[in-house]
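Numbered from 1 within each chain, the chains take letters A, B, ... in sequence-line order.
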Amino acid sequence: MVVVDYFRDIKRSLLSTVEGMAVTMSWVFREPMTIQYPYRKRDPKTSVGGPDTLPERYRGFLEVDIDICSACLACLRACPIECIAIDVAKIPPPADDPEGKPVRAITRFDIDLAKCMYCGLCSEPCPTGAIRHTQHFEGAMTSIEHLVARFVVPGKPVVPFKVTKGETPQTVPKGSIIERLVVKKPWDLPPIEFPK
Amino acid sequence: MQDLVSFLNSQLQTVFGLSETLFPYVAAAMVLAIAFGFTVFAAVYAGVFIFFERRIAGRIMSRIGPNRVGPQGLLQFIADAVKLIFKEDIIPTSADRPLFKLAPYLMFIGVVAGFAVLPFSHRVIAADLNVGLLYVLAITSITVVGVLMSGWASNSKWALFGGMRSAAQLVSYEIPSGLALLPAVLLSGSLSTQEIIMAQAGSPEHALTAGGWPWNWYIFHSPMMFVCFVIFFIAQLAEGARLPFDLPEGESELVSGYNTEYSGFRFGAYFTAEFANTWIAGALCVIVFFGGWQIPGAAVPSAEAIAASGATWTWFGYSIEYAGWGAFWLEALSFLFFIVKMAGVVFIIIQLRWTVPRVRIDQMMTICWKYLLPLTFACLFLILGWMIVLPWESTAALVVRIVMALAGAVLLALYAWRVRYNIHSAGDKVYPHWII
């Protein structure tokens, strides 16, 4: 049946090619898997590897809830690579108590996330749980200085939190602070001009 | 039909009062200008083609494709060309220098010279030779010389293998490709590309038979003509060294085939020639099998009527004076129809590259000599009989053509249904956004 085989070969090769073309054509009409990062990002709540799907103890970006920070400087001493910078100073008494003594206040609390090695040593000695790791990890920036998270707004010192034994201080949801400070920043911010 | 050179010459003589003695110089200058124009056109077309190929390849592989340089990455090819031009032009020490330098230009000439007889629209054609098809088949064979020359002159094993494979492939596939064009030549009684396009028309009296309706295309003339188209298309893929017949390059076996030793501008010339070749393949398919630039429903006046002034086209009962803006819009419309059909054929060429794997060299020869060649001969003789039984003008032939065109539409619909099935069976949705 050489002749039958001959025409069967032709039929098979043509049909399989056309079927293959129907497969490749179907991909032309599907959404590409590639996402144009960082212009577009996956849905963090549902996609695999999104911040909301990571485990609770994942060591992502550090954040500090400055409202419950007691300025004990334990994290500063624990950090092996000195990516945390804290300034504590005496400031004049508040306006409603002009007779009082000068107050101890945090004037600066910076964490350089570009230097941080995510070891978690700073969050362990913290008495109030103010410094902690979040589930955020996307830090693609065109200028590296935008990765410095400033938890104290310059010029607005914060009075340290008074620790009471046996009480867990109330805090904001984990990740909300670093989201505002770093993650939600546009990735292509112009570099910061430092004074000469 | 008038071609560009004689048209421009007559215009120069009548409008500017050019003297007869200057004609040879003016003609030579115009030929040079047209040749330059085609070279630029071929290069730009190759660039745009590469862009579309990469984007389509991206989508087929579920990627996005180039989209960084210029709007949507459209200027990517200019960046690529600039990069190539700035590369060092390396000539291997043991290469045959004159041949090595000459080879890419032979390849480029072989492709660009083919453009001369390919019409873009009703009047836009560089030279309407009466041996047009023969010319284009012959001149594109010069590329074999270029490929073989580069393979030999490179003094490299990989390049020589590539050149040898290419020579074997191109020479073999010339035969089925030429024989598959023969039925169209028989039907139209001419080798001229314009005459073949003009012959793909029914009776000019009625709008539904005049001009380039699908049932006037040669592909739907008879089932054998359809087979001829498939054979011609496969042969053109092989001649352009496109997948599944890109054995001359075969990156997985030979480094890059015959152009392994080339770099810089010379490599760019190979690159451009190879991609510009798809225009020739696509245009030949459209001219011979898909009615060329014919506008559906428009009855084209005869060549004599056009040569004499005041020729009119009839389109759905309207008559359009072939002069001034009317002529411009007719040309633009016929160019549009040509380019849309071209894009369809070229899309299939691109899509096939990402669909079928490369064939082995013995398989490639088997396809040509054992399958394509006997089939073309059979089709040729069957079409000869068909032409006697059902002449082109007869009503029965028109009915058969309409039935064939409907069958073609049904096949296309089946294909579209299959594509849709593939998308929905995977649980995906149709995502018709190509601008990212």
Side-chain angles (χ1 to χ4, degrees), chain A residues 1-50 52-53 137-144 146 183-191, chain B residues 52 55-65 67-68 73 226-227 230-231 233-234 237 243-244 347-357 359 363 366-367 370-372 374-375 378 411-412 414-436:
Chain A
M1 300 311 299
V2 176
V3 179
V4 175
D5 285 351
Y6 180 82
F7 286 103
R8 201 192 55 204
D9 284 353
I10 294 175
K11 186 186 142 203
R12 277 186 177 176
S13 58
L14 280 178
L15 278 183
S16 60
T17 307
V18 172
E19 182 61 42
M21 281 171 71
V23 171
T24 46
M25 192 68 172
S26 77
W27 282 97
V28 174
F29 288 99
R30 291 186 217 188
E31 187 174 1
M33 206 66 94
T34 312
I35 289 172
Q36 199 66 45
Y37 190 86
Y39 292 106
R40 289 177 200 174
K41 294 185 179 177
R42 277 165 203 271
D43 181 8
K45 296 213 187 304
T46 56
S47 65
V48 177
D52 290 16
T53 64
F137 57 90
E138 291 170 293
M141 292 274 172
T142 47
S143 334
I144 200 163
H146 292 304
V183 178
K184 290 276 171 70
K185 265 189 197 170
W187 66 282
D188 52 353
L189 279 176
Chain B
F52 279 106
R55 280 299 281 262
I56 292 165
R59 288 305 290 261
I60 286 175
M61 297 171 185
S62 201
R63 292 185 284 115
I64 293 171
N67 65 348
R68 309 307 298 167
F226 188 78
V227 176
V230 174
I231 290 169
F233 186 74
I234 295 172
L237 284 181
L243 254 118
F347 181 84
I348 294 174
I349 294 179
I350 294 173
Q351 194 197 348
L352 271 175
R353 178 167 178 188
W354 310 104
T355 305
V356 277
V359 295
Q363 291 170 335
T366 310
I367 291 169
K370 287 193 185 164
Y371 289 92
L372 298 191
L375 280 178
L411 282 180
L412 210 60
L414 274 175
Y415 176 70
W417 171 79
R418 195 71 197 154
V419 170
R420 197 175 166 276
Y421 170 80
N422 278 330
I423 298 172
H424 289 282
S425 66
D428 283 343
K429 286 197 181 75
V430 175
Y431 182 78
H433 304 291
W434 284 275
I435 293 169
I436 302 241

With a 4.5 angstrom heavy-atom cut-off, could you sort out which part of [X] is near chain A: side chain, backbone, both or neither?
| X | answer |
| --- | --- |
| B:Ala426 | side chain |
| B:Tyr421 | neither |
| B:Pro374 | side chain |
| B:Val356 | side chain |
| B:Leu352 | side chain |

Quick one: CZ on A:Arg30 to CG on B:Asn422, what's the gap to the nearest 0.5 Å? 6.5 Å
Would you compute the distance between atom CZ of A:Arg12 and atom CG of A:Asp5 and round it to the nearest 0.5 angstrom? 8.5 Å
Could you tell me which of B:Arg420, B:Arg68, B:Lys429 has the largest number of non-hydrogen atom pairs under 4.5 Å with chain A? B:Arg68
Counterpart residues, salt bridge (charged side-chain N to carboxylate O under 4.0 Å, His left out), relative to B:Arg63 (two or more places apart): none
Excluding sequence neighbours, so at least two apart, what forms salt bridge (charged side-chain N to carboxylate O under 4.0 Å, His left out) with A:Glu19? B:Arg418
With a 4.5 Å heavy-atom cut-off, do B:Phe233 and B:Ile349 have their side chains touching? yes
